[in-house]
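Here is the structure we will look at, set down as structure tokens.
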Amino acid sequence: MAKKNEIIVKDVAIKTMSKDGIDYISITDIARQKNATDPNGVIANWMRNRNTVEFLGIWETLHNPNFNPLEFEGFRKEAGLNAYQ
């Protein structure tokens, strides 16, 4: 069973959850600090960022035994370009 909590950051509640000993934090709640009406846009821009894509590739390499680095290479090369969606 997941244990739900929240933390207060700059007077704003951010939801957290702990499941099977792993802690999770709501990036939607964090994104609302930047844009309260459209946090999805903030997250979409973050996901297109080259540094974010690089981080996700490293994380997948370390934690996902089924990760396909050759397929990921195509995403990595496109990250940060205007055409990258």
Rounding to 0.5 Å, atoms CD (Glu6) and CD1 (Ile25) come to a distance of 11.5 Å

So Val9 and Ile7, do their side chains get closer than 4.5 Å, heavy atoms only? yes

Interatomic distance, CG@Asp11 vs CD@Gln33, rounded to 0.5 Å, equals 10.0 Å

One should read off an interatomic distance between Thr37 OG1 and Asn40 CG, to the nearest 0.5 angstrom, of 10.5 Å

When rounded to the nearest 0.5 Å, the distance separating CD1 of Ile30 from CH2 of Trp46 is 9.0 Å

>> Please tell me whether Ile8 and Val12 are part of a single hydrophobic cluster in this structure, the criterion being side-chain heavy atoms less than 4.5 Å apart.
In response: no

Under a single-linkage definition using a 4.5 Å side-chain heavy-atom cutoff for Ile, Leu, Val, Met, Phe, Trp and Tyr, are Ile43 and Ile14 assigned to the same hydrophobic cluster? no

Decide whether Met47 and Ile27 are clustered together by the hydrophobic rule: side chain heavy atoms of Ile, Leu, Val, Met, Phe, Trp, Tyr closer than 4.5 Å, transitively. yes

For residues 12-29, the salt bridge (Lys or Arg N to Asp or Glu O under 4.0 Å) pairs (sequence neighbours left out) are Lys15-Asp29, Asp29-Arg32

In terms of heavy-atom contacts, Asn35 and Asp38 come closest through OD1-N, 3.0 Å

Rounded to the nearest 0.5 angstrom, the CG-OG1 distance for Asn5 and Thr16 is 4.5 Å

All heavy atoms of Ala36 vs all of Pro39, minimum pair found to be O-CD, 3.9 Å

The reported gap from NZ in Lys77 to CZ in Phe72 (rounded to nearest 0.5 angstrom) is 12.0 Å

Across all chains, not counting sequence neighbours, the salt bridge (charged side-chain N to carboxylate O under 4.0 Å, His left out) partners of Glu73 are Arg76

